[in-house]
Participant: 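Just dropping this structure here.
All values below were derived from every heavy atom in this structure, side-chain atoms included, with hydrogens, water molecules and symmetry-related copies excluded. So that the names make sense, note that chain A is the first sequence line, chain B the second, and so on, each numbered from 1.
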Protein chains: 2
Amino acid sequence: MAEQRKRKQVVTIDDVAKAAGVSPMTVSRVMNGFSGVKDTTREAVMKAVEELGYSPNIAARSLARHGSGRVGLLYSNPSAGYLSQFLVGALDGAQAAGALLLIEKCAPDPESEKAAIGKLVAGGAGGVILPSPHAESYSAQSELKAAGVAAVAVSTGRLRSDASAVRIDDFAAAAEMTRHLLELGHRRIGFIKGAPNQTASAERLLGFETEIRNAEPVASGLIEQGDFTYRSGFEAGDRLLSAHQPPTAIFASNDDMAVGVLAAAHRRGLDVPGQLSIAGFDDTSIATTVWPELTTVRQPVSDMAETAVKMLIEEIGARRRKGDRDPAERMLPHALIVRDSTGPAPKGD
Amino acid sequence: MAEQRKRKQVVTIDDVAKAAGVSPMTVSRVMNGFSGVKDTTREAVMKAVEELGYSPNIAARSLARHGSGRVGLLYSNPSAGYLSQFLVGALDGAQAAGALLLIEKCAPDPESEKAAIGKLVAGGAGGVILPSPHAESYSAQSELKAAGVAAVAVSTGRLRSDASAVRIDDFAAAAEMTRHLLELGHRRIGFIKGAPNQTASAERLLGFETEIRNAEPVASGLIEQGDFTYRSGFEAGDRLLSAHQPPTAIFASNDDMAVGVLAAAHRRGLDVPGQLSIAGFDDTSIATTVWPELTTVRQPVSDMAETAVKMLIEEIGARRRKGDRDPAERMLPHALIVRDSTGPAPKGD
DNA sequence: GGCTTTGATGTTAGCGCTAACAAAAACAGC
DNA sequence: GCTGTTTTTGTTAGCGCTAACATCAAAGCC
């Protein structure tokens with residue numbers, strides 16, 4: 001019933017300019033949130049944009065900006081539950097900023113990282129985003145520095161003082177989860193540590209220990225080493241549960257290990273959460289796959305990726321204007337997700 | 001020691017043209033595998049490309065191609081293990097074809113699909129890729145047809161005769177897995193069906209049944225309904241295992257359900273694969289997360305996505321040239337991945 | 001009032017690539 | 001040799017957008 005014909009011809013900046021009675025340049029300025037535009041003009045442009053349903057052509061923008069807004073992303077494990085969320089966020093951020101995302105896979109060893117970074121730089125990336133495992137890699141960061149491109153690490157403490165980072169407050173999150181368990185009445189709480197070489201592991205442990213120490217009559221010494229894998233969680237859980245006085249709750253440093261604990265508990269015929277509460281960390285897809293669904297801490301993975309992209313683009317811009325750079329660290333809010341794997345401590349315990 | 005200075009200046013098509021002593025257009029033709037180029041010229045260009053490390057600027061290409069190569073992708077669950085592989089493949093395909101990928105999230109209901117498709121079309125997508133859940137959606141396909149954009153469904157049988165599809169041979173894969181179990185000596189094999197409204201479910205069941213019927217003295221009637229969730233697998237597995245003569249192997253239609261079966265088996269204190277073999281389907285990340293790792297069927301998810309992008313771009317091109325279109329169905333090879341959850345049937349059984 | 005300073009907008013040119021057409025080279029037939 | 005065809009290559013123009021500069025108006029100052 002309406003005008004359907006001009007399907008193919010997408011609205012361009014010139015159409016908007018004409019409709020708003022200004023020059024294309026002014027539209028461009030409005031679209032990019034540039035300051036020097038009068039409010040009345042800005043509104044007129046906005047209105048035209050709305051009416052015509054204009055959205056900038058990102059290819060043209062990237063081209064005109066002369067390769068600024070080309071951001072690299074290194075990833076390693078394409079089947080890790082969290083990569084898709086990460087990619088979605090990064091893509092969103094890139095889209096919003098009008099940048100192009102170059103994506104490169106690599107193994108988690110220095111050689112492979114080096115090669116991948118080389119490709120990214122050759123492809124014109126002005127900066128690179130390093131998600132979790134690579135964020136810990138000193139060699140990757142050095143490599144990037146040598147190539148003269150910016151870097152933003154995600155999900156890790158700052159390794160180097162000259163690189164920016166986006167992360168959550170692992171310490172506070174672990175403390176919150178511990179408090180959640182304490183409030184449910186648990187007094188013997190087991191903890192399974194993550195891989196020793198990752199900063200997040202240490203932070204999470206610290207959060208747990210601090211909270212435990214603040215609580216009063218609480219058993220200690222219920223800490224086992226894990227390495228973020230299901231199997232390590234299974235085994236650590238088994239050790240904890242075969243103690244003379246087994247814990248009534250176990251807090252694992254990530255979801256995979258928590259699911260391992262769940263398996264160990266089921267194997268012993270324990271009811272979860274009736275006899276044992278289990279908590280994880282990360283809220284990856286496995287947390288809602290298993291049954292009962294896992295109480296865990298959610299990282300805003302998409303937001304983190306989006307933020308990382310934006311920071312990177314800003315940094316590239318800043319760097320281009322003047323040799324100066326000002327590494328930032330941004331902390332995003334996490335959330336305690338209470339599902340069915342935690343409940344009140346068993347009676348008479 | 002070498003020339004390091006011109007970091008920023010990426011090699012352009014003109015540099016290559018100059019180096020090879022031809023015009024930029026010829027280089028473009030070579031890069032795009034165009035036919036009408038003399039072999040000697042092509043080689044010269046190739047050599048220059050190699051030496052200079054040239055790679056085309058995808059933004060410029062997309063711009064010059066006038067928005068052809070703008071491909072939409074609908075996704076629903078960003079934490080589903082397979083989305084990241086899918087995205088990676090799609091991104092690769094888009095990159096290779098010099099296309100831009102527009103990505104839009106939506107819920108699996110018709111309303112939401114409609115809105116997302118609208119956005120994609122408004123964004124200039126000439127075609128849309130429909131991964132698994134949406135591929136089954138008749139309404140989504142109608143919507144796309146109405147908007148006049150091409151569509152490629154992934155991981156499903158062809159719903160409509162006028163849409164292209166990329167998939168694996170679910171029937172053959174299920175048959176292979178069944179044969180694998182039979183060869184291990186199993187004679188009582190349980191099967192857990194997938195959600196009834198998905199074509200893949202039916203195909204997989206058919207593959208299983210066909211192979212079972214071909215084998216000689218084999219128990220039948222060991223089929224339970226599931227819906228692709230962990231919990232449904234857990235419950236179906238429990239039902240199968242509480243039979244008077246429980247199966248010695250269970251083949252679930254996807255990995256999530258297989259992991260559910262694994263939990264049910266562990267709860268009963270059964271050793272896997274000593275007393276019970278378990279097989280899954282899809283090879284998602286959970287298959288290697290659990291222990292023992294799952295024997296399963298791998299779908300080449302990345303390749304499928306990449307293929308889908310390429311098919312779509314071809315179809316868009318074909319459509320633009322002449323109103324004509326020729327929906328294709330491409331079948332990609334799957335692979336039987338034997339891990340630790342399947343083993344020889346228990347003795348004396 | 002004539003002057004600079006500031007702010008808001010318009011102009012010009014070009015990012016790197018590829019359609020579409022134009023030209024040149026290679027080949028055929030007589 | 002010359003025309004008519006078929007390859008192969010080059011030319012022109014422009015995709016949609018934005019730096020960088022140019023312009024014009026309003027404001028501030030002596």
Participant: Send over the distance from Arg29(A) CZ to dC17(D) P, rounded to a whole Å.
Facilitator: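 The answer, rounded to whole Å, is 15 Å.
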Participant: Going by an N to O cut-off under 4.0 Å, is there a salt bridge joining Lys47(A) and Glu51(A)?
Facilitator: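 Looking at Glu51(A) together with Lys47(A), the answer is yes, because their closest N to O distance falls below 4.0 Å.
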Participant: Round to the nearest Å and state the distance from Ile58(B) atom CD1 to dG16(D) atom P.
Facilitator: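 Rounded to the whole Å, the gap is 17 Å.
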Participant: Could you please name the option among dA8(C), dG10(D), dT8(D) that lies closest to any side-chain atom of Thr26(B)?
Facilitator: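 Comparing dA8(C), dG10(D), dT8(D) against the side chain of Thr26(B), the answer is dG10(D).
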Participant: Check the distance between dT18(D)'s C1' and Ile13(A)'s CD1 and give it to me in whole angstrom.
Facilitator: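 That distance rounds to 8 Å.
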Participant: Pick the nucleotide of DNA chain C nearest each of Met25(A) and Ser28(B); which residue has the one closer to the 5' end?
Facilitator: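 Checking each residue's closest nucleotide, the 5'-ward one belongs to Met25(A).
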Participant: Determine the contact category for Tyr54(B): base if any of its heavy atoms lies under 4.0 Å from a base atom, sugar-phosphate if only primed atoms, P, OP1 or OP2 are that close, otherwise nothing.
Facilitator: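 It contacts sugar-phosphate atoms only.
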Participant: With the threshold set at 4.0 Å, does a side-chain nitrogen-carboxylate oxygen contact exist between Glu306(A) and Lys310(A)?
Facilitator: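 Salt bridge between Glu306(A) and Lys310(A), a charged N being under 4.0 Å from a carboxylate O: yes.
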Participant: Closest to the Thr41(B) side chain: dC17(D), dT9(D), dT9(C)?
Facilitator: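 Selected nucleotide (nearest to the side chain): dT9(D).
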Participant: What integer distance in Å separates Asn32(A):CG from dG16(D):C1'?
Facilitator: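 That distance rounds to 13 Å.
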Participant: In whole angstrom, give the distance that lies between atom CG of Leu63(B) and atom P of dC17(C).
Facilitator: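 Value for this atom pair: 12 Å.
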Participant: Rounded to whole angstroms, how far apart are CZ on Arg61(B) and P on dC17(D)?
Facilitator: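 So the two atoms are 21 Å apart, to the nearest Å.
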Participant: Of Thr40(B) and Ala60(B), whose nearest nucleotide on DNA chain D comes first from the 5' end?
Facilitator: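 Looking at the nearest nucleotide for each, Thr40(B) comes out on the 5' side.
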